[in-house]
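Below, chain A is the first sequence line, B the second, and so on; all start at residue 1.
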Amino acid sequence: MAEVILKDVVKVYPNGFKAVHGANLEVEDKEFVVLLGPSGCGKTTTLRMIAGLEEITEGTVSIGGRVVNDVEPKDRDIAMVFQNYALYPHMTVYENMAFGLKLRKVPKPEIDKRVKEAANILGIEGLLDRKPKQLSGGQRQRVAVGRAIVRNPKVFLFDEPLSNLDAKLRTQMRAELKRLHKNLQATIIYVTHDQVEAMTMADKIVIMKDGVIQQIGDPYSVYFEPVNKFVAGFIGTPSMNFIGAKVSKEGEKLWIHKDSMKLLIPERYYERLAPYVGKEVVFGVRPENIYDKMFAVTPSEEFVAEGKVDVVEPLGSETLIHATIAGDDIVAKVDPKTRAQAGDTIDLVFDMNMVHVFDKETEENVLMGLHSAEEEPKVE
Amino acid sequence: MKKKVLKRALKITGIVFLLLFVLFPLYWLLISSLKYSEDIYTMHPSLFPSRIRLSNYVDIWKTVPMAKYYKNSLIVSVSSMILATIVATFAGYALSKFKFPGRKTVGVTFLVTQMFPGILFLLPYYLIFIFIKNTLGIPLIGTYPGLIITYTAFVGPFAIWVMRGYFDTVPSELREAALIDGCGNFRAFTKIILPAAKPGIATVAILSFMKSWNEVLFATVLTNNDTRTLPLGLYEFQQEFMTSWNLVMAAGVVISIPVLIFFIFLQRYFVSGFTSGAVKG
């Protein structure tokens with residue numbers, strides 16, 4: 001078993017900067033966990049504390065049931081893939097991969113077998129005699145991964161391993177890493193600032209900001225049930241639209257209201273929104289939950305707002321419309337057959353069952369738990 | 001197009017001009033070392049001597065005890081090179097990769113020592129050496145250790161500074177990868193960092209060798225007949241009424257050879273981008 005448990009982990013640098021504020025995290029055996037957040041959020045520091053490259057100021061990190069706070073990196077039974085690969089420049093690919101095994105006094109035939117196996121998995125058999133500088137970025141990346149897998153460690157740590165690759169290669173390596181995880185049945189902790197990587201690969205996403213874990217959950221729950229405005233805005237491209245609006249009450253009905261925009265709130269949200277009647281809130285809606293009225297299935301006037309189109313971006317499979325609604329800029333992902341053009345006025349339909357409302361002060365999601373993923377596909 | 005050609009022509013002219021500046025004195029040294037004395041003391045010295053005298057290269061060993069000076073110079077220079085390189089490698093690594101209190105101060109102090117002219121230290125050194133001899137009974141003036149210590153101390157700060165700068169370019173991740181792969185701190189240093197830092201070490205080795213090899217000022221004061229070094233030996237070709245310039249030049253050539261050999265041996269490490277491929281780049 002190789003579960004990793006962080007308990008109230010705090011990191012304070014000698015200059016007084018507090019990089020991680022009491023992180024609690026359980027990574028289960030064979031789980032692919034992604035630490036996600038903008039740069040400077042403490043995700044890399046957290047990973048380095050697990051690796052033993054950074055001292056832990058407070059709290060404990062345990063790997064496989066053993067507290068490793070005072071254990072040297074080499075004795076933690078981990079392998080790490082660095083953002084810049086960190087291949088040993090004076091060694092060939094083979095030597096790079098064999099180095100860790102040699103140090104552990106693994107017999108030569110065994111080393112040979114394991115290196116060749118790993119090279120085979122990664123498709124770098126032909127490169128074993130080359131030096132790192134003779135390799136392309138993608139090949140180096142594979143060697144770095146190979147160096148980790150030959151060791152057969154309890155836990156793999158990845159520190160933004162794909163961020164130096166070009167977009168096409170990144171997509172390809174993403175799928176390869178996911179396949180690798182499935183084949184190796186390994187525990188993986190992966191750091192990235194790219195939410196697409198996180199969404200596509202993770203079993204569990206840990207979203208961090210300013211050294212604080214914001215939310216832990218599988219890709220669907222962080223997408224559909226973000227705990228706060230930060231998570232909601234960070235996950236998803238284009239990111240969620242936020243409109244500062246008011247909750248108003250007319251008769252029995254509640255509305256999201258701002259100037260000319262007035263949208264009917266579904267009844268199941270009433271209970272949660274009751275305390276907010278007459279108050280300012282942040283109204284959040286994802287671009288794909290806004291439709292061009294011409295292509296909406298059941299366009300009801302109560303869900304329609306008028307927008308002024310700024311820019312139209314056709315992407316082929318869909319079209320992005322940048323528009324202004326009641327003074328706020330929003331993006332809508334609409335049917336590619338839309339006839340909207342820059343300067344037009346367009347009727348946009350909001351899928352009010354998928355919208356979010358955030359408290360203006362705390363930025364917390366008021367409707368947390370109400371978007372349970374009945375219609376969404378199940379996670380594999 | 002025309003502009004491009006002109007630019008190129010100017011560039012080449014500049015390079016040729018600079019090369020002439022550097023190479024002509026060397027050429028002059030070489031041909032003068034092969035001339036007869038009379039051909040040097042002439043109104044119109046020739047660029048291409050009509051006759052050559054190879055025995056200059058034999059005479060230099062007889063006129064002055066060059067062999068002894070050669071040995072002295074080699075002992076002193078090689079020792080101080082080894083010492084300075086070792087110290088600089090460890091100190092440079094520590095200053096570059098480890099955070100400890102006073103790290104900045106130490107680094108700057110090393111740099112500051114380079115701002116004083118060497119001659120400023122001559123007298124204090126001399127007095128300290130005398131003091132050591134008087135109190136501890138260890139003779140330093142006129143001995144190899146005295147000179148080796150002096151040269152090591154002189155080249156040390158600069159060498160440390162260079163090494164530190166070099167280690168700064170070796171990514172910390174290399175060390176960290178080694179730590180995770182199973183190395184302790186020391187093994188990560190010897191197995192991974194040192195090989196990656198070879199070009200830096202080669203540079204420091206050559207610089208410190210040359211510095212002691214060419215040094216004159218301290219050698220005049222801190223050596224005696226037995227420990228005299230080569231640059232001082234050159235002076236001995238000057239006599240009261242006449243200087244055998246052809247011999248001086250021949251000796252000059254002979255003195256330059258070890259440095260040349262050194263460069264040839266180590267120049268492959270100067271090839272830049274040795275660590276390229278270790279990390280993105």
Side-chain angles (χ1 to χ4, degrees), chain A residues 13-15 48 50-54 72-93 95-106 130-137 139-141 143-144 147-148 150-151 153 155-157 159-161 163-165, chain B residues 89 93-107 163 166-203 266 268-281:
Chain A
Y13 282 105
N15 63 9
R48 288 170 60 85
I50 298 171
L53 298 173
E54 211 73 71
E72 292 282 313
K74 65 185 167 95
D75 300 321
R76 292 191 182 196
D77 201 4
I78 48 165
M80 186 157 168
V81 177
F82 292 85
Q83 177 174 8
N84 56 15
Y85 322 137
L87 301 179
Y88 310 131
H90 57 293
M91 295 186 188
T92 63
V93 168
E95 289 163 341
N96 259 287
M97 288 165 75
F99 185 66
L101 297 176
K102 260 191 210 156
L103 288 173
R104 286 181 166 70
K105 306 231 158 49
V106 176
R130 297 221 198 143
K131 290 268 176 76
K133 66 178 164 196
Q134 296 164 301
L135 304 177
S136 70
Q139 290 168 332
R140 284 178 205 169
Q141 181 59 62
V143 176
R147 191 169 66 182
V150 290
R151 293 249 321 276
V155 181
F156 287 90
L157 306 175
D159 186 8
E160 310 220 9
S163 53
N164 285 344
L165 301 178
Chain B
T89 306
Y93 182 61
L95 282 173
S96 165
K97 296 292 179 211
F98 294 98
K99 293 190 173 75
F100 51 87
R103 169 181 179 227
K104 257 198 181 144
T105 323
V106 172
M163 276 322 288
Y166 198 83
F167 281 124
D168 281 345
T169 68
V170 176
S172 305
E173 282 91 344
L174 277 186
R175 175 175 154 259
E176 290 168 354
L179 290 183
I180 288 175
D181 256 350
C183 291
N185 255 323
F186 189 72
R187 201 155 15 169
F189 178 67
T190 54
K191 288 247 175 192
I192 303 298
I193 303 296
L194 274 190
K198 268 184 195 163
I201 296 171
T203 312
L266 295 183
R268 69 189 178 102
Y269 291 119
F270 288 118
V271 179
S272 64
F274 183 78
T275 50
S276 72
V279 296
K280 190 211 173 203

Student: On a heavy-atom basis, which atom in B:Ala196 and which in A:Pro89 lie closest, and how many Å separate them?
Tutor: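 In this case the closest contact between B:Ala196 and A:Pro89 is CB-CG, 4.0 Å.
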
Student: Less than 4.5 Å to any heavy atom of chain B: does that hold for the side chain of A:Leu135, its backbone, both, or neither?
Tutor: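 A:Leu135 has no heavy atom closer than 4.5 Å to chain B.
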
Student: Say you draw a straight line from NZ of B:Lys191 to NE2 of A:His90; how long is it, rounded to the nearest 0.5 Å?
Tutor: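 B:Lys191 atom NZ to A:His90 atom NE2 measures 8.5 Å (nearest 0.5 Å).
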
Student: Counting only N and O atoms by type, is there a donor-acceptor contact under 3.5 Å from the side chain of A:Tyr88 to the main-chain atoms of B:Ala178?
Tutor: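 Between the backbone of B:Ala178 and the side chain of A:Tyr88 there is a qualifying donor-acceptor contact (under 3.5 Å).
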
Student: Could you check if a side-chain atom of B:Glu176 sits within less than 4.5 angstrom of a side-chain atom of A:Arg48, using non-hydrogen atoms only?
Tutor: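 Yes, side chains in contact.
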
Student: Is there a side-chain contact (heavy atoms from CB on, under 4.5 Å) between B:Ile180 and A:Leu157 once you walk through the steps?
Tutor: CA-CA 11 Å; B:Ile180 288 175; A:Leu157 306 175; 5.6 Å; no

Student: Are any non-hydrogen side-chain atoms of B:Asp181 and A:Arg147 less than 4.5 angstrom apart?
Tutor: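 Yes - at least one pair of side-chain heavy atoms lies under 4.5 Å apart.
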
Student: Identify which part of B:Arg175 has an atom lying under 4.5 Å from any heavy atom of chain A, answering side chain, backbone, both or neither.
Tutor: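 Neither; nothing under 4.5 Å.
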
Student: Measuring from B:Glu173:CD to A:Tyr85:OH, what's the distance to the nearest 0.5 Å?
Tutor: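 Nearest 0.5 Å value for the CD-OH distance: 12.0 Å.
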
Student: Would you indicate whether the side-chain heavy atoms of B:Leu174 and A:Leu87 approach each other to under 4.5 Å?
Tutor: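 They are not in side-chain contact.
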
Student: At what distance, to the nearest 0.5 angstrom, does CG of B:Asn185 lie from NZ of A:Lys74?
Tutor: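 If we round to the nearest 0.5 Å, B:Asn185:CG and A:Lys74:NZ are 10.0 Å apart.
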
Student: At what distance, to the nearest 0.5 angstrom, does CE of A:Met91 lie from CD1 of B:Ile192?
Tutor: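 It is 3.5 Å, given to the nearest 0.5 Å.
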
Student: Identify the two heavy atoms, one from B:Cys183 and one from A:Leu103, that lie closest to each other, and give their separation to 0.1 Å.
Tutor: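 Minimum heavy-atom contact is SG-CD1, 3.4 Å.
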
Student: Can you tell me which portion of A:Arg76 sits under 4.5 Å from chain B's heavy atoms? Options are side chain, backbone, both or neither.
Tutor: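 Answer is neither: A:Arg76 stays 4.5 Å or more from chain B.
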
Student: Give the intermediate values and the outcome of side-chain contact (heavy atoms from CB on, under 4.5 Å) for residues B:Leu179 and A:Glu72.
Tutor: CA-CA 8 Å; B:Leu179 290 183; A:Glu72 292 282 313; 5.7 Å; no

Student: With a cut-off of 6.0 Å (strictly less than), are more than 12 heavy atoms of other residues, nucleotides or ligands near CZ of B:Phe100?
Tutor: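 More than 12 heavy atoms, drawn from other residues, nucleotides or ligands, come within 6.0 Å of this atom.
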
